[in-house]
Amino acid sequence: MISKQLKVVFAIMITALFSCNRANKIDNKSIVNTDTVELISPPSDTSSIQETPKEEIINTTFSYDGFDVVFHNYSFQETRKNESSGEPEYPGFAEDTTQIRFVNIDDHFFLYPKYDTLTIVEDVFYDLANKLIQIVPKNKADVFKLSISLKQNVDEQFDYTKYPPTKFKKIAQFDKFFENWRANAIRWEGWTNFENIQDSSKYYFRMPLIREENYEKHIKAKLNLRDTLVTVIEPGDYDLELTAKFVYKNKPSYYNLTYALLKIERFSDNKLKATKFIQIWFTEGC
């Protein structure tokens with residue numbers, strides 16, 4: 001995932017996800033395609049990239065008509081197995097739990113998307129960077145093209161110092177106030193242009209590194225963002241520290257990458273036969 005920050009522990013991530021859910025409900029006010037920013041390819045020396053221990057390796061397969069897409073050594077929230085039931089532990093984190101059918105075979109997780117676009121949540125501690133994606137075609141003559149686009153956000157920072165939850169008699173009142181504020185908060189969002197992912201070996205694709213700071217610098221210049229440094233504490237069980245680094249439309253704001261959109265194109269006889277999308281929600285996105 002994003003390489004510039006350390007992952008938060010799982011307990012903190014759970015708290016943060018709820019605020020992420022609220023942010024994602026905002027109506028799109030200014031969705032645009034941004035200029036292309038070149039993705040940084042995986043380094044030739046990958047020894048510094050932390051891999052999941054062998055005993056924890058999880059492969060996830062998305063099964064489509066005509067081909068499978070295998071994420072090697074990569075886990076999603078929807079495919080984390082509950083040790084007691086053997087079922088996915090957090091299927092509710094998907095935006096639409098009816099969009100997939102889940103099958104677990106000897107700890108290899110198979111997901112059968114029902115639509116052309118699947119939205120799924122990456123698991124905590126799992127990075128997209130340098131991960132191997134394998135295409136398993138039913139017709140060996142088929143050719144596949146993979147590309148990736150990233151969703152970028154600049155969001156106004158909520159001032160918990162000015163509006164602490166303790167100021168309200170009931171938490172439900174604060175939640176309603178927050179939702180109303182969020183609906184009118186300043187926001188910019190846009191998708192990067194699709195960048196091709198190189199086929200490292202026939203039907204094997206290696207994910208690039210994703211440097212959030214590179215995209216952040218580009219958007220800072222594009223939107224003419226001014227520097228600032230405003231830190232507030234989101235009160236709760238873990239008192240999360242939130243920092244606004246920029247001023248956007250006269251409001252303290254922060255930048256982040258929230259989604260990766262993987263596009264998979266299948267060609268047969270030099271004709272495009274199918275296009276599928278896997279949208280991956282970054283757990284650290286907020």
Side-chain angles (χ1 to χ4, degrees), residues 1-2 5-32 34 77-78 90-99 119-122 124 150-191 212 215-216 219-220 223-259 279-286:
M1 232 207 59
I2 310 305
Q5 298 176 340
L6 295 177
K7 295 282 188 171
V8 293
V9 295
F10 175 67
I12 296 178
M13 185 279 298
I14 290 294
T15 302
L17 274 175
F18 289 105
S19 62
C20 292
N21 285 333
R22 291 186 291 189
N24 286 339
K25 293 178 182 177
I26 303 175
D27 291 335
N28 297 338
K29 295 181 180 179
S30 56
I31 299 179
V32 298
T34 62
Q77 298 259 340
E78 288 77 9
Y90 297 104
F93 283 173
E95 293 185 356
D96 179 3
T97 57
T98 64
Q99 64 183 326
T119 299
I120 198 166
V121 185
E122 73 165 358
V124 69
L150 301 173
K151 187 178 182 182
Q152 307 175 97
N153 287 69
V154 177
D155 288 293
E156 179 182 348
Q157 176 63 64
F158 182 76
D159 190 350
Y160 284 95
T161 304
K162 187 176 181 180
Y163 302 107
T166 53
K167 186 177 180 179
F168 300 81
K169 292 182 179 180
K170 297 180 180 180
I171 190 62
Q173 292 177 329
F174 171 78
D175 288 342
K176 184 176 180 179
F177 175 84
F178 183 87
E179 291 290 348
N180 290 335
W181 175 88
R182 247 331 191 183
N184 296 286
I186 296 299
R187 158 173 278 204
W188 176 93
E189 55 186 15
W191 290 89
E212 182 176 292
Y215 295 93
E216 182 179 286
I219 293 302
K220 179 184 177 183
L223 300 181
N224 195 26
L225 301 178
R226 303 197 316 272
D227 290 328
T228 190
L229 191 62
V230 178
T231 300
V232 297
I233 302 298
E234 180 181 356
D237 293 338
Y238 304 100
D239 290 339
L240 299 178
E241 185 177 282
L242 308 174
T243 300
K245 295 172 57 180
F246 305 110
V247 175
Y248 177 57
K249 294 187 176 180
N250 297 318
K251 299 292 185 180
S253 304
Y254 59 92
Y255 170 91
N256 63 4
L257 296 173
T258 52
Y259 287 95
Q279 183 171 252
I280 303 169
W281 181 13
F282 295 146
T283 54
E284 197 186 23
C286 290

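For the pair Lys245/Glu216, a side-chain contact is recorded, criterion being any heavy-atom separation below 4.5 Å from C-beta on. In this structure the side chain of Gln157 never reaches within 4.5 angstrom of the side chain of Thr231, judged on heavy atoms. The shortest distance between side-chain heavy atoms of Tyr259 and Thr119 falls below 4.5 Å. For the pair Trp188/Gln152, a side-chain contact is recorded, criterion being any heavy-atom separation below 4.5 Å from C-beta on. Contact check for Pro235 versus Pro165: side-chain heavy atoms found under the 4.5 Å cut-off. Between Ile280 and Ile120, some side-chain heavy-atom pair lies under the 4.5 Å cut-off.
Listed by chain and residue number, Asp159, Val232 satisfy the side chain to side chain contact (heavy atoms under 4.5 Å, CB included) test with Thr161 (two or more places apart in sequence, or in another chain). Residues satisfying the side chain to side chain donor-acceptor pair (under 3.5 Å) criterion with Thr228, sequence neighbours excluded, are absent altogether. Residues that satisfy the side chain to side chain contact (heavy atoms under 4.5 Å, CB included) test with Asn250, not counting sequence neighbours, are Arg226. Lys251 pairs by the salt bridge (charged side-chain N to carboxylate O under 4.0 Å, His left out) definition with nothing, not counting sequence neighbours. For Asn224, the side chain to side chain donor-acceptor pair (under 3.5 Å) test picks out no residue, with sequence neighbours left out.
The structure places CG of Leu257 at 4.5 Å from CD of Glu212, a figure rounded to the nearest 0.5 Å. Atoms OH and CG, from Tyr254 and Asn153 in turn, are 8.0 Å apart once rounded to the nearest 0.5 Å. Atoms CD1 and CD, from Ile219 and Glu189 in turn, are 12.0 Å apart once rounded to the nearest 0.5 Å. Here OG1 of Thr166 is found 12.5 Å from OH of Tyr160. Values are rounded to the nearest 0.5 Å. A distance of 8.5 Å separates CG of Asp155 from OG1 of Thr258, quoted to the nearest 0.5 Å. Taking CZ from Phe177 and CZ from Arg182, the interatomic distance works out to 12.5 Å, rounded to the nearest 0.5 Å.
In summary, Lys220 and Asp227 engage in a salt bridge, as defined by a charged side-chain N under 4.0 Å from a carboxylate O.
Between Tyr255 and Phe246, the gap from one ring centroid to the other reaches at least 6.0 Å.
Residues Leu223 and Tyr248 approach most closely at CD1-CE1, 4.1 Å, considering heavy atoms.
Ring geometry, Phe178 versus Phe158: the interplanar angle exceeds 60°, so the pair is classed perpendicular (tilted spans 30 to 60°).
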